[in-house]
Amino acid sequence: MTDAAMPKPVSQNRAIWQQFRSHKGAVFGLIVLGLLILFVLIGPLVWVPEKLKVAEAIRLKNQGPSLRFPLGTDQLGRDMLSRMMLAGRISLAVGLVAMLIAIVFGTLIGVVAGYYRRFEGPLMRLTDMFLALPLIPLLLVLVMLFRDRIASVIGPELGAFALIVFAIGITSWMATARIVRGEVLTLKEREYVLAARSIGARPRRIILRHILPNVVSPVMVAATLGVAEAIITESVLSFLGLGFPPDFPTWGRLLFDGLQYMQVYPERVIWPGLAISLTVLSVNYIGDGLRDALDPRIRGR
Amino acid sequence: MLTFTLRRLLLAIPTLLAISLVIFLLVDLAPGSPMSEIPLTVPPDVRQRMIEALGADQPVIVRYVLWLRQFFWVEPATLFDGWFGTTWAEGEQRILSWQSRSPVFTIIGQRLPQTLTVIGTAYLVGILIALPIGIYSAYRQYSLFDQGGTLFAMIGFSVPTFFSGTLFIIIFAVWLGWFPTKYDTQLVVNDWDSFIKQIQQMALPVMTLGLANAAAISRYMRSSMLDNMGMDYVRTARAKGLSERTVVLKHVLRNSLIPVVTVIALGIPAIFGGAIITENLFGVNGIGAALIGAIHANDIPMVQTLAFIFAVLIVLFNLIADVLYGLLDPRIRYD
Amino acid sequence: MKLRTALLGAAAVLAWAPAAFAERGTDGEVKLTFPQAVSIMNPYLSGGTKDIWASSMVLEPMAGIDPDGNLITKLAVEIPTVDNGGVSADMTSITWKLQPGLKWSDGTPVTADDAVFTWQYCTDPAGGCSQATKYEGVASVEAVDPSTIKVTFSGPKPNPYTAFVGALSPVLQKAQFAACLGAAAPTCTDQNNMPIGTGPFKVTGFTVNDTVSMAMNENYRDPAKPAFASAVIKGGGDAESSARAVMETGEFDYAWNTQIPPDSQAAMSAAGKGQFVVAFGTLVERLEMNTTDPSADLPEGERSTAKHPHPILSDIKVRTALSKAIDRSILVEVGYGAGGKPTCNVIPGPEAWASDNEGCIAQDMPGAMALLDEAGWKDSDGDGIRDKDGKKLSILYQTTVNPIRQDFQALIKDWWTELGVEVELKAIDPGVFFGGDPGSPDTFQKFYADVEMYANNSDNPDPETYLGQYQCKNAPTPENGWQGENINRFCDPMYDELHAKLTQTTDVAERQAIAKQLNDMVTKDSMIVVPLVHRGTLSAHSNALGGVAINAWDSELWNVADWFRVK
């Protein structure tokens, strides 16, 4: 009944990968995400915008797409394509890393709280407290206490990145933790878990083999939501002076800056909006594929 | 279950007290001062006197104890006096907002109706859209409907409300002229016309928020349904000859609700916490707008009171979710 | 006979014209929207402009100021001057006479006691009155008789028009506020939210930080005004949404503070429903140069203090070069459009007070480079950044989070980079930047940066107090909890001396000459303050609203009684 009891014809990792590969959406997601990463990493090396003096650039402000400026220019005459590529570096990095932190931390807390009764009370009260803390004062305090200290150790840019990722991670793990805990509460009373326990399997093994694979699907949803949230939250953080210096574009910030020009130059919001949506969509499909691949019932078919 | 609930309720009291202290220290530690919105033309010595008049120069512990007393004694007593004409709270200082010098609970009272009608409706609309989409998407996985639903959900949560809200304003208010952009909080609904007006002015904020809520909830519903769809008990139920309807809506749905209940329970306090950006954008004077305004003005009594009420709701609804787990899956036991 | 009739007819028309033109309460409701909502209707307990403008529809001072900067009467019969005997020859007292028959909106008469009470109310040390500077130097306020108020100063006061002049210091009703003196002031919620006044409107409903509902004041002194029967001020949202509600959807008649990008201004005006109006006061967006060393290597308590002069910016040549590299007209074009003009002055107006200094308007990149070369800053290692004695010409430039300011930062960084200066940018939450919390490193007073940008203005057309900020004693230091207005830590004994002279001088022409000289000392002579843009306040009104006369010297709603519906 449980897959642990069954003989394995092929190695499990291989089977997972085969199942993942056969999932059309997942492959599509992987390709799109790969292209986005190439776009932001290789793009700035290939596409070098011409250096213009301020007075020249100003005359070219708010242009529509053209051969010279494939995505047009912004209100200061800067090339949107190169800004989108630079912005994507930060947004993708922040979105993916912050999401990973939140997911790993949230899952850890959720599993421990759900499985071990004696940790449940304290951990869930901690979760309640983090849910209740007002976000903005928390972030402002983080900036005040840590920005200069971190910056002096690892430099202002890396420092800003570390602080942002930490701030987003620490304020967005709670939902995952509660969802995972809820699932674990019912999973640990299921027959196969009881069976594993009755044959003397250690809690560690039960959690890794029987519980974790079964909480993958809500975690994947949380991950998808988390990427979008992290990219947007980064732009909110920059309003509090917590983000990168103001001359570093990010997708969230481009979107927000473009907002006041939305009526006059709609493409200013379309590009960053599209980039964020594509990222989220690809992460979602990868998550879908991963979930199917990890589910032995589907994999067997 | 009853003893569990009672024990948790009792335990909630020290938890909440601890949370209130943490919030108070956090808000106090945050940089900024109640003078941050006073123009630069007001000189430093006048600012200092204004801070003293607010009592903001008192040590943090003194202010915390004062707040505790006001929150747990003066405010309930005032409410009691209002109902029964007694004079328990006479001469007592209520919790006053630093920014507006009005009692914080008066402000909350002014804002609760908008919060409940607009944000509450948006949440309800979100759930009502999300559940069917989630269930049907899972039932017909990878169908056209599922793909459409996925796209809708992805757009719904990758597009922040500040963007979708502005977009809706431009389309529906500026171009089409169907709905107003600013919410009239003074509108009294007493006849058909004013009711239509109320619906019109609720349309844009409800759409904006509903879209965002529906997107997230539908994804959790779908993924959880998918997990259960392949289970042996579903095969058994089908083999027994139960109708598809019964199998899906009774057996699968019930077993898939746990993560959805968690998400919804996490979301309900957020209704009271308000939808900060949406409220601001449409001029709905809900509690979220009050909280953000108070945070920017460093209005500690207001922030503290709202954040604490929010904490109470979070603890309460998470408890309700835990009780619901037990009802949905009788195997879950808390002893 | 015919001629006589015609003349009579004409006379009749003339006599009736104003009344037919505007009759009280015939034009329905006027709807205003503010991006920041009104928190309180008592200007003495608020400093926020939104609250003061809103309360100016209800509460009135003795005299106001018109758009040209001239005094006009509100409650007073006439403006007291030395010539008409209202101001004593030695400038130590001013006597105001109330108009006869004035009534509060509750029907009770306005008396001199109300003014005396207002003075007591604002000067009570426990009350935390935010307009206390208006009563600074006032020794006593007495009721000579029920309609005469004598304000006595502790010394000669060259500008006696502070107390009871302008929307910042209106007269409160003694009967209503009698129980609200001192420590009780903040607890009088009803009084603070619904003050009884003499203005054209009275408050009928108040929801905190959201809406103020008003009805016309039946007892307003001009029986033909206001034309509107009621008024409502809805707050919240942002400049964009306020402007849109007037200019595009037409939901509102008037929007205050609609500072949006020039392109959007043009697009919204094209909708044809309303127009933007702008008034220029003294608001100047400027760069402040730090004359002290903000280096993080210094021990806390010595950073940005006079102990350590700035290693780069102490040199006037560097400061001048930085100013010369900036093209202010591009800044205006990008950020403000019709709502701004390039300026080189801290005091850009009123005209009679403004220096004719225009030397900074034209950008001079070669001149700037030459100055830096002269100062010894040369690019010796060829990395594009100038250096001197092994130290790089590197600058930290901070401001608040605000889209226009971030555009300015980007542009100025480009110019300075062209000059060979390395620039690091920083944007700070405005609540923290302006909050003045001594615990935060990011306040504008602490100035832990080399250059910072913000806007400031004088709240009086006479800039005496405003110019006083740059005296040595006003520098923020750790000792005074970083509370001080001399942000640059500028210290020039000559300046202090000249400012002291200004406070003693009574002749207006001479005062103006001194003010110009002081302005030049902090701008073109020392380049301590580098003014960029003279900013107007941009508001919008619907084409269906008549009578709007935007005013930078007093409340923007100073003449709301004259507003009418265009039919």
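Reminder, nothing fancy here: chain letters follow the sequence lines and each chain counts from 1.
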Which value, rounded to the nearest 0.5 Å, describes the distance between [X] atom [atom1] and [Y] atom [atom2]?
X        : Y        : atom1 : atom2 : value
B:Leu281 : A:Leu259 : CG    : CG    : 8.0 Å
A:Ile276 : B:Ile155 : CD1   : CD1   : 13.0 Å
A:Glu183 : B:Thr262 : CD    : OG1   : 7.5 Å
B:Ile314 : A:Phe130 : CD1   : CZ    : 12.5 Å

Count the heavy-atom pairs under 4.5 Å between each of [options] and chain A, then report the option with the highest count.
options                               : value
B:Asn318, B:Leu266, B:Leu16           : B:Asn318
B:Ser224, B:Ala30, B:Ala311, B:Ser223 : B:Ser223
B:Leu26, B:Ile258, B:Asp329, B:Thr15  : B:Leu26
B:Ala12, B:Pro31, B:Ala265            : B:Pro31

*Considering only heavy atoms and a distance below 4.5 Å, find which of A:Thr186, A:Val215, A:Thr279 pairs most often with chain B.*
A:Thr186
*asked:* If we define contacts as heavy-atom pairs under 4.5 Å, which of A:Gly273, A:Gly25, A:Pro134 has the most with chain B?
replied: A:Pro134
Between [X] and chain A, which part of the residue has a heavy atom less than 4.5 Å away: side chain, backbone, both or neither?
X        : value
B:Thr166 : both
B:Val312 : neither
B:Leu167 : both

Where do [X] and [Y] come nearest, in terms of heavy atoms and distance?
X        : Y        : answer
B:Val263 : A:Ile179 : CG2-CD1, 3.6 Å
B:Tyr325 : A:Arg181 : CE1-NH1, 4.0 Å
B:Tyr220 : A:Leu225 : CE1-CD1, 3.5 Å

*Begin with the C-alpha distance, continue with both residues' side-chain angles, and end with the deciding distance and a verdict on side chain to side chain contact (heavy atoms under 4.5 Å, CB included) for B:Arg219 and A:Asn284.*
CA-CA 10 Å; B:Arg219 294 315 287 175; A:Asn284 171 69; 3.2 Å; yes
*Check the pair B:Val315 / A:Met129 against side chain to side chain contact (heavy atoms under 4.5 Å, CB included), numbers first and verdict last.*
CA-CA 9 Å; B:Val315 171; A:Met129 190 180 86; over 6 Å; no
*Give the intermediate values and the outcome of side chain to side chain contact (heavy atoms under 4.5 Å, CB included) for residues A:Val221 and B:Met221.*
CA-CA 10 Å; A:Val221 177; B:Met221 189 70 243; over 6 Å; no
*Where do B:Leu151 and A:Leu281 land on the side chain to side chain contact (heavy atoms under 4.5 Å, CB included) test, with the steps shown first?*
CA-CA 8 Å; B:Leu151 200 68; A:Leu281 203 61; 4.1 Å; yes
